[in-house]
Amino acid sequence: MKPANYHSRRRTILPLLAVLLVIGIIFLPGKNGAVSVLLRYIRVRKKTAEQHRLKREIDSLERTVRLYQDPSYASDLARRLLAPATDTNP
């Protein structure tokens, strides 16, 4: 014969076991644990963002180098930098 509160205990134990199972999976030790996987994912995202930033910086520097290699730009820049300052006041 089952006790009178058998079903109510059963209703509270099953969700408790489910919560404990989820927590156990989340904090599962080892390289395939959820914490390790999330940390690895965050690390990969940071590395990818850094790669994109460096690529943009490389592209910008390459554009600057191409600009300075242009003889007309270089002579115009030299003319502006080396020209004597003129007073624009009347």
Which pairs pass ring pair (Phe, Tyr, Trp, His ring centres under 6.0 Å) with one or both residues in residues 57-85, sequence neighbours excluded?
Y68-Y73
Hey, could you give me the [atom1]/[atom2] distance between [X] and [Y], rounded to the nearest 0.5 Å?
{"X": "Q69", "Y": "T64", "atom1": "CD", "atom2": "OG1", "value": "11.0 Å"}
{"X": "E62", "Y": "L67", "atom1": "CD", "atom2": "CG", "value": "13.5 Å"}
{"X": "L82", "Y": "L77", "atom1": "CG", "atom2": "CG", "value": "8.5 Å"}
{"X": "L54", "Y": "K47", "atom1": "CG", "atom2": "NZ", "value": "10.5 Å"}
{"X": "L16", "Y": "L20", "atom1": "CG", "atom2": "CG", "value": "4.5 Å"}
{"X": "E57", "Y": "E50", "atom1": "CD", "atom2": "CD", "value": "9.0 Å"}

Answer with yes or no whether the hydrophobic clustering places L39 together with I23; edges join I, L, V, M, F, W, Y residues whose side-chain heavy atoms lie under 4.5 Å apart.
yes
Which residue pairs pass the side chain to side chain donor-acceptor pair (under 3.5 Å) test with at least one member in residues 34-44, sequence neighbours excluded?
Y41-R45
Give a yes or no on whether the backbone of V44 and the side-chain of T48 come within a donor-acceptor separation of less than 3.5 Å.
yes
Quick one: do D59 and K55 satisfy salt bridge (charged side-chain N to carboxylate O under 4.0 Å, His left out)? Show the steps, please.
CA-CA 6 Å; D59 291 342; K55 177 143 180 46; 3.7 Å; yes
The test is salt bridge (charged side-chain N to carboxylate O under 4.0 Å, His left out); show your working for D70 and R66 and say whether it passes.
CA-CA 7 Å; D70 182 18; R66 280 195 306 274; over 6 Å; no
